[in-house]
Amino acid sequence: MEKQILRHLPLVPSLLALGGWLLSSWLVPGSAWADPGEAERIVHRLAEQDKRLAFRRRQFDYDLLIVREKLDADRRIVSESKERQVVYADRAPDYGSRPEKGPEGETAKAAQEEPFEVLNLIDHYFYAMDGSETVNGVDCYKIRFTPKPNMPYRNREEKVCNAVWGHLWVSKEDDSLMRNEGFLEHPVAVAWFFARLYELEFRWESQRLPNGDWGPKEVRYRYAVHIPFGWLRERVVRQYSDFRYHGAARRPSIR
């Protein structure tokens, strides 16, 4: 969860910020979410584990594939672009310069950058247990998060995150994040002359790394933003592969 899910979103404040959810849903009689305190304790352990694993991942180089799909109103693909990068452990990625100002430039830049660090905002959400599920063969707590009302924000990423809800799947064995998904609860005004985010959904998936840790496998998100005179609709998929110790030989790609 190193930076999963959302600085990408052009106008959307990094979705991944573990959204919170409706308090009312916790209070349903007979609900499996009987102890929100336990859910919050698990999320805080997850945040600490995430810091440890992010530090350990610095020893790896890896390949990154970024796919951008422009969508129409029916979510059909209008155009597609792909970019492949090698990310090295000993240097920061080169995102280049913003190609142009305004929405198109923002979206192009955001698609290249790592998503906003969701765990920076864990205190912005309510948490509740929502049962258990198996992910990648690992028994996990399924935790629902919903945004607390009227939380402050310092930028548009945080503003968007304050309107996101979803689920976290946390390993019962070591508190690693196994999966994360979220959705926009209500439209959010973002930037660029009355631009408004109407749709946002994301999903983060994990994989085993060479050292046995769990790390990012794929981040995908879709959004729809209304701007003056039109819409921006896009789906972005970021795929992480071939994690290898820094300096190790790169495996030949299979076509």
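Using cut-offs of 30° and 60° on the angle between ring planes, the pair Tyr198 and Trp231 is tilted. Taking the six-membered ring where tryptophan is involved, the planes of Tyr240 and Phe243 are essentially parallel, since the angle between them stays under 30° and well short of 60°.
For Arg52 and Phe55, the positive end is not near the middle of the six-membered ring at less than 6.0 Å and at most 45° from its axis.
Side chain of Gln49 to backbone of Arg45: no donor-acceptor contact under 3.5 angstrom is found. At distances below 3.5 Å, at least one donor-acceptor pair connects side-chain atoms of Gln59 with backbone N or O atoms of Arg56. Tyr127 places no side-chain N or O within 3.5 Å of a backbone atom of Glu38 that could act as its donor or acceptor partner. At distances below 3.5 Å, at least one donor-acceptor pair connects side-chain atoms of Lys159 with backbone N or O atoms of Ala189.
Atom CG of Asp74 has more than 12 heavy atoms from other residues, nucleotides or ligands within 6.0 Å. Residue Glu173 places its CD atom among 12 or fewer non-hydrogen atoms of other residues, nucleotides or ligands, all under 6.0 Å distant.
Hydrophobic cluster membership differs between Tyr153 and Tyr223, with clusters built from Ile, Leu, Val, Met, Phe, Trp and Tyr side chains linked at under 4.5 angstrom.
Residues meeting the ring pair (Phe, Tyr, Trp, His ring centres under 6.0 Å) test with Phe60, sequence neighbours left out: Tyr245. Residues satisfying the side-chain contact (heavy atoms from CB on, under 4.5 Å) criterion with Arg208, sequence neighbours excluded, are Trp214.
Of the charged side-chain nitrogens involved, none lies within less than 4.0 Å of a carboxylate oxygen, so that Glu80 and Arg68 do not count as a salt-bridged pair. Using a cut-off of 4.0 Å between Lys/Arg side-chain N and Asp/Glu carboxylate O, Arg238 and Glu83 are scored as not salt-bridged.
One distance of note links OG of Ser171 with CZ of Arg179; it measures 13.0 Å at 0.5 Å rounding. One distance of note links OH of Tyr125 with NZ of Lys148; it measures 11.0 Å at 0.5 Å rounding.
Residues Pro152 and His124 approach most closely at O-CE1, 3.2 Å, considering heavy atoms. Pairing each heavy atom of Pro216 with each of Gln207, the nearest pair is O-NE2, 2.8 Å.
With respect to Asp63, the side chain to side chain donor-acceptor pair (under 3.5 Å) criterion is satisfied by exactly one of Arg84, Arg244, Gln85, Gln239: Arg244.
Side chain to side chain, Glu201 and Tyr221 fail the donor-acceptor criterion of an N or O pair below 3.5 Å. Side-chain contact of His167 with Asn180: a donor-acceptor pair under 3.5 Å is absent, judged by distance alone.
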Problem - Residue pair Cys140, Met178: steps toward the side chain to side chain contact (heavy atoms under 4.5 Å, CB included) verdict - result: CA-CA 8 Å; Cys140 296; Met178 302 301 297; 3.5 Å; yes
Problem - Working for side-chain hydrogen bond (donor to acceptor under 3.5 Å, both in side chains), residues Glu133 and Trp169 - result: CA-CA 8 Å; Glu133 288 185 0; Trp169 284 261; 2.9 Å; yes
Handout entry: Asp213 vs Ser176, side-chain hydrogen bond (donor to acceptor under 3.5 Å, both in side chains): CA-CA, chis, key distance, verdict
Key = CA-CA 8 Å; Asp213 292 346; Ser176 294; over 6 Å; no
Exercise for the section: Applying side-chain hydrogen bond (donor to acceptor under 3.5 Å, both in side chains), run through Lys172 and Ser132 and close with a yes or a no. Expected result: CA-CA 9 Å; Lys172 293 183 180 180; Ser132 298; 2.8 Å; yes
Handout entry: Chi angles and distances behind the side chain to side chain contact (heavy atoms under 4.5 Å, CB included) call for Val78, Leu71
Key = CA-CA 5 Å; Val78 175; Leu71 307 176; 5.8 Å; no
